[in-house]
Amino acid sequence: QVQLAESGGGLVRPGDSLRVSCTASRSITRFDSVGWYRQASGKQREMVASITSSGNTNYAHALEGRFTISRDNAKNTVDLQMNSLKPEDTAVYYCKAVSVVNVEGATRTYWGQGTQVTVSA
């Protein structure tokens, strides 16, 4: 069973930076993409950023420029660097990994348990 473990969340002040990590129980090169999502209290989960096995990145338009996703294949980690944090960035941040399992394009999706990021003065 594939497991994803998020770490690095915490309480920070507006304007601070924070880096959260997603560590997979198997090689991340076996995933077609790995991404970060977030869910604020009372809101739907939304995509923050994703990175493919070939290194292509995709960001939520409103977050591009402040957030950076990266991967370290040797460590099986995908990190999300968050800069200039705002109170509205407060949410539980989840890691999601997707693998294409057959030639028809069927996928298998894995989620982590999430890490809380709170931005408050």
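These numbers were taken from a predicted model, which means no experiment stands behind them.
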State the [atom1]-[atom2] distance between [X] and [Y], to the nearest 0.5 angstrom.
| X | Y | atom1 | atom2 | answer |
| --- | --- | --- | --- | --- |
| Ser27 | Lys75 | OG | NZ | 15.0 Å |
| Asp32 | Ser99 | CG | OG | 5.5 Å |
| Asp79 | Trp36 | CG | CH2 | 7.5 Å |
| Cys95 | Phe31 | SG | CZ | 8.0 Å |

> Would you find more than 12 non-hydrogen atoms of other residues, nucleotides or ligands less than 6.0 Å from Arg30 atom CZ?
Replying inline: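 No - once you tally the heavy atoms of other residues, nucleotides and ligands closer than 6.0 Å, there are 12 at most.
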> Taking everything shown except Gln113 itself, do over 12 heavy atoms lie less than 6.0 Å from its CD?
Replying inline: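 Open.
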Residue pair [X] / [Y]: nearest heavy atoms and the distance that separates them:
| X | Y | answer |
| --- | --- | --- |
| Ala121 | Arg13 | O-NH1, 2.7 Å |
| Gly35 | Ile69 | CA-CD1, 4.4 Å |
| Leu11 | Ser120 | CD1-CB, 4.2 Å |
| Thr29 | Ser53 | O-CB, 4.5 Å |
| Ser84 | Ser17 | N-OG, 4.2 Å |
| Val100 | Gly105 | CG1-CA, 3.9 Å |

Donor-acceptor pair between [X] and [Y] side chains, under 3.5 angstrom:
| X | Y | value |
| --- | --- | --- |
| Gln81 | Asn83 | yes |
| Glu88 | Thr90 | no |
| Thr52 | Ser54 | yes |

Kindly work out whether a path of hydrophobic side-chain contacts (I/L/V/M/F/W/Y, heavy atoms less than 4.5 Å apart) joins [X] to [Y].
| X | Y | answer |
| --- | --- | --- |
| Val2 | Val34 | yes |
| Ile51 | Val20 | yes |
| Tyr37 | Leu18 | no |
| Leu80 | Trp111 | no |

> Can you pull the salt bridge (Lys or Arg N to Asp or Glu O under 4.0 Å) pairs that have at least one residue in residues 89-114, sequence neighbours excluded?
Replying inline: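 Residue pairs passing salt bridge (Lys or Arg N to Asp or Glu O under 4.0 Å), neighbours aside: Arg38-Asp89, Arg66-Asp89.
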>> Please determine whether side chain to side chain contact (heavy atoms under 4.5 Å, CB included) holds for the pair Val12 and Thr118, giving the CA-CA distance in whole Å, both sets of side-chain angles, and the decisive distance to 0.1 Å.
In response: CA-CA 6 Å; Val12 296; Thr118 302; over 6 Å; no
>> For Tyr59 and Thr68: C-alpha separation, side-chain torsions, deciding distance, then whether side chain to side chain contact (heavy atoms under 4.5 Å, CB included) applies.
In response: CA-CA 8 Å; Tyr59 294 92; Thr68 303; 3.8 Å; yes
>> Within the 4.5 Å heavy-atom criterion, are Arg71 and Ile28 side-chain neighbours or not?
In response: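 They are in side-chain contact.
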> Mind checking whether Leu63 and Val48 have side chains closer than 4.5 Å, heavy atoms only?
Replying inline: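 Yes, their side chains come closer than 4.5 Å.
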> Would Val117 and Met82 count as a side chain to side chain contact (heavy atoms under 4.5 Å, CB included) if you check the C-alpha gap in whole Å, the side-chain angles of each, and the deciding distance to 0.1 Å?
Replying inline: CA-CA 10 Å; Val117 173; Met82 303 179 287; 4.0 Å; yes
> Where does the angle between the aromatic ring planes of Phe67 and Tyr93 fall among parallel (under 30°), tilted (30 to 60°) and perpendicular (over 60°)?
Replying inline: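 Tilted: the ring planes of Phe67 and Tyr93 meet at 30° to 60°.
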>> Using the salt bridge (charged side-chain N to carboxylate O under 4.0 Å, His left out) criterion, which residues pair with Arg45? Sequence neighbours excluded.
In response: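 Scan of Arg45 (salt bridge (charged side-chain N to carboxylate O under 4.0 Å, His left out), adjacent residues dropped) gives none.
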>> Looking at Glu6 and Gly114, would you say the former's side chain and the latter's main chain have a donor-acceptor pair under 3.5 Å?
In response: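 A pair under 3.5 Å: yes.
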